[in-house]
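Here is the structure we will look at.
Below, chains carry the letters A, B, ... as their sequence lines are ordered, and counting in each starts from 1.
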Protein chains: 2
Amino acid sequence: MKRDNRLSVALHVLLHLDELGDTVTSDRLGPMLGMNPVVLRRTFAGLRDAGLLTSGKGHGGGYALARPLREIPLSAVYDALGLAAPFAIAPRDPDATCLLERAANDHLQAALDAAEATLRARLDAVTVADLAAAARALAPAHLAHRGPAAPPPDPELP
Amino acid sequence: MKRDNRLSVALHVLLHLDELGDTVTSDRLGPMLGMNPVVLRRTFAGLRDAGLLTSGKGHGGGYALARPLREIPLSAVYDALGLAAPFAIAPRDPDATCLLERAANDHLQAALDAAEATLRARLDAVTVADLAAAARALAPAHLAHRGPAAPPPDPELP
DNA sequence: CGTCACGTAACAATAAAAGTGACGTGAAAC
DNA sequence: GTTTCACGTCACTTTTATTGTTACGTGACG
């Protein structure tokens with residue numbers, strides 16, 4: 001089963017954009033992340049359309065944050081990427097005529113919906129700035145120069 | 001993103017095995033489900049190893065339930081299939097050296113873990129027999145000949 | 001002992017994602 | 001105004017995962 005890691009990549013990029021505080025080109029970002037620049041540009045299209053980052057052409061062009069990380073909940077990034085569904089499993093035929101299959105699929109779908117709601121609640125409760133703060137907490141010596149750190153987010157909510 | 005529907009298929013088969021109350025060969029099941037018999041046998045290997053169904057060779061062989069549906073929570077089927085992870089998204093590199101990436105991946109993984117816990121709780125709370133009851137509730141006229149129906153499971157828990 | 005059906009391995013076909021090259025467009029630099 | 005840069009996007013290739021298919025061994029039943 002192949003898993004999509006665009007969300008992970010997007011968060012990583014947003015954090016680096018904030019750290020650099022500058023516009024960065026996809027040609028620089030590609031090697032940094034070990035990805036093809038074209039693939040990155042494809043991924044960023046959604047983030048740009050969602051207003052999370054800006055893109056500029058020509059000299060001095062590239063990508064930059066459109067707003068502070070504190071105003072970007074993880075769920076906004078999740079939505080911006082337009083991931084069809086977060087699950088690797090799904091009912092075989094949501095509109096099956098067989099009643100037995102229907103009953104199975106209906107309950108399976110309900111369970112998946114509940115799980116997705118949990119995921120979304122988690123992503124809603126944390127901003128990208130919280131991740132930056134968590135990173136600073138991991139290595140206070142190196143990166144403790146970006147303003148007062150917010151209290152590290154509770155790493156394990158109930 | 002490709003989604004796995006083996007869980008849906010497995011539940012469907014278990015329900016039909018119960019309805020037929022007999023051993024069924026993969027060559028009969030394949031066309032019924034629009035799947036290749038070999039693929040079904042591959043899928044059933046896990047269910048057999050987990051003790052959910054029995055398989056017999058030769059004349060009169062095929063697959064049959066190893067125990068009543070009431071003793072099979074959906075989570076047992078889920079586990080028996082050995083689905084690596086229920087999610088289509090994942091951190092890009094769980095052991096990243098970049099602290100920013102680490103922070104992002106750690107939180108993403110925690111959110112995914114929470115969602116999986118929700119999914120598992122749902123699958124634990126329902127047995128395959130509950131699905132059969134739900135199917136009977138959908139069409140009381142047709143299939144109401146398999147004993148008294150349990151109350152239909154609450155379709156939307158909090 | 002012949003047939004049936006599982007269990008598996010090896011291989012082909014298919015499909016999805018990623019990588020690649022090319023080109024148009026707008027913006028800045030010169 | 002022309003050159004250079006970098007995005008945006010298309011078309012195409014490569015890669016990888018899953019599924020389908022064929023084949024064959026093994027045990028069970030008649």
Side-chain angles (χ1 to χ4, degrees), chain A residues 1-10 13 17 20 22-50 52-66 80-90 92-93, chain B residues 1-10 13 17 20 22-66 80-85 87-90 92-93:
Chain A
M1 196 64 39
K2 189 93 179 270
R3 257 115 66 237
D4 192 338
N5 46 30
R6 279 180 296 168
L7 181 53
S8 172
V9 169
V13 168
L17 283 177
L20 297 171
D22 197 0
T23 69
V24 185
T25 70
S26 60
D27 284 325
R28 270 181 66 199
L29 243 26
M32 277 176 58
L33 302 177
M35 295 181 70
N36 191 290
V38 177
V39 178
L40 278 182
R41 293 205 287 267
R42 282 204 279 248
T43 301
F44 291 171
L47 301 181
R48 177 177 41 74
D49 293 346
L52 299 185
L53 48 79
T54 62
S55 67
K57 295 183 174 182
H59 283 270
Y63 297 94
L65 288 175
L81 289 173
L83 306 170
F87 296 104
I89 60 184
R92 179 172 162 79
D93 177 7
Chain B
M1 198 64 39
K2 191 94 182 269
R3 268 146 15 259
D4 192 337
N5 46 30
R6 279 179 296 168
L7 181 52
S8 173
V9 169
V13 168
L17 284 177
L20 298 171
D22 197 1
T23 69
V24 185
T25 70
S26 61
D27 283 325
R28 271 181 66 199
L29 243 26
M32 279 175 59
L33 302 177
M35 294 183 68
N36 190 292
V38 176
V39 177
L40 279 182
R41 291 205 288 268
R42 282 204 280 247
T43 302
F44 291 171
L47 301 181
R48 177 177 40 76
D49 292 346
L52 299 185
L53 48 78
T54 60
S55 67
K57 295 182 173 181
H59 285 270
Y63 296 95
L65 288 174
L81 290 173
L83 305 170
F87 295 104
I89 60 184
R92 177 172 162 81
D93 178 6

Quiz prompt | Least distance between heavy atoms, S26(B) atom then P37(B) atom | solution = O-CB, 3.6 Å

Practice problem: Could you grab the distance from atom CG of D27(B) to atom CZ of R41(B), nearest 0.5 Å is fine? | Solution: 6.5 Å

Quiz item: How does protein reach along nucleotides 22-30 of chain D, written 5' to 3' as B (base within reach of a heavy atom under 4.0 Å), S (only sugar-phosphate), or - (no contact)?
Solution: B---BBBB-

Quiz item: Within this structure, what is the CG-to-P distance between L33(B) and dG20(D), rounded to whole angstrom?
Solution: 11 Å

Quiz item: So do V13(A) and V24(A) actually touch side chain to side chain, heavy atoms under 4.5 Å?
Solution: no

Exercise. Round to a whole Å and report the spacing from CG of L29(B) to C1' of dG20(D).
Key: 17 Å

Can you give the donor-acceptor pairs under 3.5 Å from side chains of residues 43-53 of chain B to other protein atoms, not counting sequence neighbours?
residue	atom	partner	partner atom	Å
T43(B)	OG1	V39(B)	O	3.0

Quiz prompt | Rounded distance (Å) that lies between atom P of dG7(C) and atom CG of D27(B) | solution = 13 Å

Practice problem: Pick base, sugar-phosphate or nothing for Y63(A), based on heavy-atom distances below 4.0 Å to the nucleic acid. | Solution: sugar-phosphate

Quiz item: How many Å lie between CG on L40(A) and C1' on dT20(C), as a whole number?
Solution: 14 Å

Quiz item: Whole-Å distance between dA17(D) P and R6(B) CZ?
Solution: 14 Å

Quiz item: Of the non-hydrogen atoms in R92(B) and V9(A), which two are nearest, and what is the gap between them?
Solution: CD-CG2, 3.4 Å

Quiz prompt | Shortest non-hydrogen contact from G61(B) toward T23(B) | solution = O-OG1, 3.6 Å

Quiz item: How close do L20(B) and R28(B) get, heavy atom to heavy atom, and via which atoms?
Solution: CD1-NH2, 4.4 Å

Exercise. Nearest whole angstrom, please: distance from the P of dT21(D) to the CE of M35(B).
Key: 11 Å

Quiz item: Within the structure, does a side-chain N or O atom of T25(B) lie under 4.0 Å from either OP1 or OP2 of dA5(C)?
Solution: no

Quiz item: In whole angstrom, what separates R42(A)'s CZ from dG21(C)'s P?
Solution: 13 Å

Practice problem: Between R48(A) and N5(B), name the one whose nearest nucleotide on DNA chain D is closer to the 5' end. | Solution: R48(A)

Quiz item: Atom CZ of R3(B) and atom P of dA16(C): how far apart are they, to the nearest Å?
Solution: 11 Å

Exercise. When you get a sec, tell me which of dT19(D), dA18(C), dG8(D) is the closest nucleotide to the side chain of S55(A)?
Key: dG8(D)

